[in-house]
Amino acid sequence: MRLNVNRILHTPGAKADFHFEMDFSDLEFGGMHPVIHPVVVDGLVVNRSGVLHCQLQAETTLRCVCDRCAKEFDAFHSVPFSCILATERQSEDSEEIVVLDHDEVDLAELARTAFVLGMDTKTLCSEDCKGLCPGCGADLNTESCRCKKQVDPRLAALAKLLQDE
Ligand SMILES: [Zn+2]
Ligand SMILES: [Zn+2]
């Protein structure tokens with residue numbers, strides 16, 4: 001998706017909005033393909049006093065697998081992104097500047113980069129997920145541990161001493 005901003009480039013107050021969808025079903029994160037639904041991108045380029053401000057939002061519902069309990073769950077994921085569009089590179093500006101290519105901006109590229117950078121490296125079904133017991137594999141969110149209480153051998157020896165007294 002490329003947008004030509006020629007129409008609003010020299011007209012303060014002028015706007016161009018955009019809406020498109022992207023397919024990231026082949027994107028891999030941690031060995032999974034969580035982007036099973038299209039990513040919907042909505043945004044706007046506004047000429048504010050001769051400067052082009054671009055804002056967009058990339059949204060989808062991800063199919064996630066919890067890092068702790070391995071449960072599959074859906075999570076709404078929304079990544080905002082904004083930048084300035086300029087016809088040539090400016091050195092003094094600290095805000096993110098994207099240089100136009102023949103008055104065009106590659107919105108798909110911007111949205112893709114923002115979306116990928118916005119992916120969480122940790123995926124939890126909830127902040128306080130208790131995870132699985134490493135011993136018996138019980139999902140500690142819904143069931144209690146079935147492990148026999150592992151007794152520390154040193155404590156066992158101590159217990160035996162106390163018993164023998
Ligand atoms: Zn979990
Ligand atoms: Zn257990």
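Whatever order the structure lists ligands and atoms in, that order sets their numbers, starting from 1.
Here the closest non-hydrogen pair linking V79 and G118 is CG2-CA, 4.2 Å.
Residue-environment remark: CD (Q55) stays at or below the threshold of 12 foreign heavy atoms within 6.0 Å. Annotation for E143: atom CD counts as buried by contact number, over 12 foreign heavy atoms lying within 6.0 Å.
The Zn ion (ligand 1) is the vertex of the angle joining SG of C129 and SG of C125, which measures 110° to the nearest 10°.
Residues V98 and L107 fall within the same hydrophobic cluster, defined by Ile, Leu, Val, Met, Phe, Trp and Tyr side chains chained together at heavy-atom separations under 4.5 Å.
Protein N/O/S atoms closer than 2.8 Å to the Zn ion (ligand 2), listed by chain and residue number, are C133 SG, C136 SG, C145 SG, C147 SG.
Ring planes of F115 and F24: tilted class, angle from 30 to 60°.
Side chains of N6 and N4: no donor on one and acceptor on the other come within 3.5 Å.
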